[in-house]
Amino acid sequence: MNIDDENEIKKEFQLERIIFFSDAVFAIIITIMVLDVKLPDVVKSSTEAEAKSAFFQVLPKLTAFIVTFFVVGRFWMRHLRIFSYLKDYNAPLIFINLLFLLSVSLYPFALSFIFNGGRIMQYAWVVYTYISIINFTTFTETLLTGYLIRNKELLCVRDPEIENVLRWKIVRINYFAVPAIFALLYCTVEFELDTRIFFGLLIAYSVLMRVLTFVYYRHHKRDRITLASLFKRIKIGEQQEKSKRIISK
């Protein structure tokens with residue numbers, strides 16, 4: 001075995017370590033979140049009515065966990081799609097990926113407000129904290145995507161569809177939108193602005209992103225999840241064509 005082959009094996013091994021580490025962080029975070037979703041010990045010696053009451057008390061925690069589970073799961077799916085094009089790595093990529101994982105690891109902290117309950121849930125800054133963590137994750141994900149797009153010749157497999165699959169025309173808007181959201185949030189808290197203004201603009205931004213996605217990528221259906229796709233049978237020809245594209249890389 002020559003030196004080039006040894007270096008290639010080493011590079012593949014190190015790349016797998018990066019991916020496995022990222023997946024492990026996601027798995028651990030989701031596991032940690034669910035640990036606090038449990039009925040109180042008093043249920044063991046209570047009547048059916050008391051047990052039912054305890055269940056409804058824990059229901060907000062369960063709902064919050066399910067919502068956050070799919071939020072984290074959505075980021076994991078996009079991370080999986082981003083790293084599916086990776087063929088090499090460097091120090092800046094590892095740092096940005098760690099920054100992204102740091103933002104994801106904050107979700108158990110966000111859920112702790114809901115799990116602890118009490119009067120703290122009456123304060124608007126609790127919701128602001130949750131939204132801030134989502135925006136922080138969105139921004140670090142944008143940094144990760146942008147770095148790969150800018151260095152795709154060096155770090156990614158050759159695929160002319162990479163920018164379309166990663167929806168870069170839309171995603172790069174987050175470079176400006178996320179800091180603007182943080183600035184608006186700061187002004188809302190600091191100057192005690194009407195919270196309806198903040199949430200109204202946040203909803204308007206989400207709708208705008210949906211509209212732009214439809215305009216630019218309505219014909220690009222790769223990996224798109226719809227209700228129909230969950231019951232659709234994949235045609236053999238489509239799967240073979242997809243395999244040919246992967247092999248040609």
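Just so it is clear, the structure is predicted and the values come from calculations on it, not from any experiment. Side chains included, hydrogens not; waters and symmetry mates left out as well; all remaining heavy atoms used.
- Scanning all heavy atoms of the two residues, the minimum distance from Ile133 to Ala110 falls at CD1-CB, 3.5 Å.
- Interatomic distance, Phe100 CZ to Leu143 CG, rounded to the nearest 0.5 Å: 11.0 Å.
- The local environment of CZ in Phe69 is sparse, with at most 12 non-hydrogen atoms from other residues, nucleotides or ligands closer than 6.0 Å.
- With a 4.5 Å cut-off on side-chain heavy atoms, Thr188 and Phe199 do not count as touching.
- Across every non-hydrogen atom of Tyr217 and Trp168, the tightest pair is OH-N, 3.5 Å.
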Query raised in the report: Does the pair Tyr107 and Thr137 meet the rule for a side chain to side chain donor-acceptor pair (under 3.5 Å), with working shown?
Result: CA-CA 10 Å; Tyr107 283 92; Thr137 311; 3.2 Å; yes

Query - side-chain contact (heavy atoms from CB on, under 4.5 Å) assessment of Tyr85 paired with Leu148 - result: CA-CA 9 Å; Tyr85 291 97; Leu148 286 183; 6.0 Å; no

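- In this structure, OG1 in Thr140 is found 10.5 Å from CG in Asn135, a value given to the nearest 0.5 Å.
- Side-chain atoms of Asn174 never come within 3.5 Å of backbone atoms of Ala177 as a donor-acceptor pair (strictly under, hydrogens ignored).
- Atom CD of Glu192 has 12 or fewer neighbouring heavy atoms from other residues, nucleotides or ligands inside a 6.0 Å radius.
- Side chain of Arg218 to main chain of Val215: a donor-acceptor pair is present (N/O by atom type, distance under 3.5 Å, no hydrogens or angles).
- Between Phe21 and Leu98 the shortest heavy-atom distance is CE2-CD2, 3.8 Å.
- Ile19 CD1 to His79 NE2: the interatomic distance, rounded to the nearest 0.5 Å, is 8.0 Å.
- To the nearest 0.5 Å, the span separating CD1 on Ile94 from CG on Asn97 amounts to 8.5 Å.
- The cluster map of Ile, Leu, Val, Met, Phe, Trp and Tyr, joined by side-chain heavy atoms under 4.5 Å apart, puts Leu102 and Leu111 in the same cluster.
- Side-chain contact between Lys61 and Asp36: absent, with no pair of heavy atoms (C-beta onward) separated by less than 4.5 Å.
- Val25 and Leu35 end up in different hydrophobic clusters when Ile, Leu, Val, Met, Phe, Trp and Tyr side chains are linked at under 4.5 Å.
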Requested in this report: Could you check Glu141 against Val171 for side-chain contact (heavy atoms from CB on, under 4.5 Å), going step by step and ending with a plain yes or no?
Outcome: CA-CA 9 Å; Glu141 182 189 61; Val171 171; 5.7 Å; no

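- In the hydrophobic cluster analysis, where Ile, Leu, Val, Met, Phe, Trp and Tyr join through side-chain heavy atoms closer than 4.5 angstrom, Leu193 is grouped apart from Ile181.
- A heavy-atom distance below 4.5 Å is found between the side chains of Phe109 and Thr129.
- Within the 4.5 Å cutoff, no side-chain heavy atoms of Ile131 are placed close to those of Leu185.
- Here the closest non-hydrogen pair linking Ser103 and Phe136 is CB-CD2, 3.4 Å.
- With hydrophobic clusters built from ILVMFWY side chains whose heavy atoms lie under 4.5 angstrom apart, Val71 does not share a cluster with Ile28.
- Remark: Phe70 CZ to Ile30 CD1 distance equals 10.0 Å, nearest 0.5 Å.
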**Report entry** Full working for side-chain contact (heavy atoms from CB on, under 4.5 Å) between Leu80 and Trp76
**Finding:** CA-CA 6 Å; Leu80 175 65; Trp76 175 79; 4.0 Å; yes

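- Within a 6.0 Å sphere centred on CZ of Arg196, other residues, nucleotides and ligands contribute 12 heavy atoms or fewer.
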Report task. I would like to know whether Ile173 and Leu212 meet side-chain contact (heavy atoms from CB on, under 4.5 Å); could you show each step before the answer? Result -> CA-CA 11 Å; Ile173 296 177; Leu212 292 177; 3.6 Å; yes

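- For the pair Arg17 and Phe20, the NZ or CZ position fails the cation-pi test of under 6.0 Å to the six-membered ring centre and within 45 degrees of the ring normal.
- If you chain together hydrophobic residues whose side chains sit under 4.5 Å apart, Phe214 and Val165 never meet in one group.
- Although no hydrogens or angles enter the test, the distance criterion places no donor-acceptor pair under 3.5 Å between the side chain of Tyr216 and the main chain of Arg167.
- Rounding to the nearest 0.5 Å places CG of Leu208 at 11.5 Å from CG of Leu201.
- Taking every heavy atom of both residues into account, Tyr89 and Gln14 meet most closely at OH-CB, 3.1 Å.
- Looking only at side-chain heavy atoms (C-beta outward), Cys187 and Phe198 stay at 4.5 Å or farther from each other.
- For Phe182 against Ser132, the heavy-atom pair with the smallest separation is CZ-O, 3.4 Å.
- More than 12 heavy atoms of other residues, nucleotides or ligands lie within 6.0 Å of NZ in Lys87, so this atom counts as buried by the packing criterion.
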Requested in this report: Run the numbers on Thr68 and Tyr130 for side chain to side chain donor-acceptor pair (under 3.5 Å), then give the verdict.
Outcome: CA-CA 10 Å; Thr68 307; Tyr130 194 92; 2.7 Å; yes

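- When atom types are taken as modelled, the side chain of Thr145 and the backbone of Thr142 share no donor-acceptor pair closer than 3.5 angstrom.
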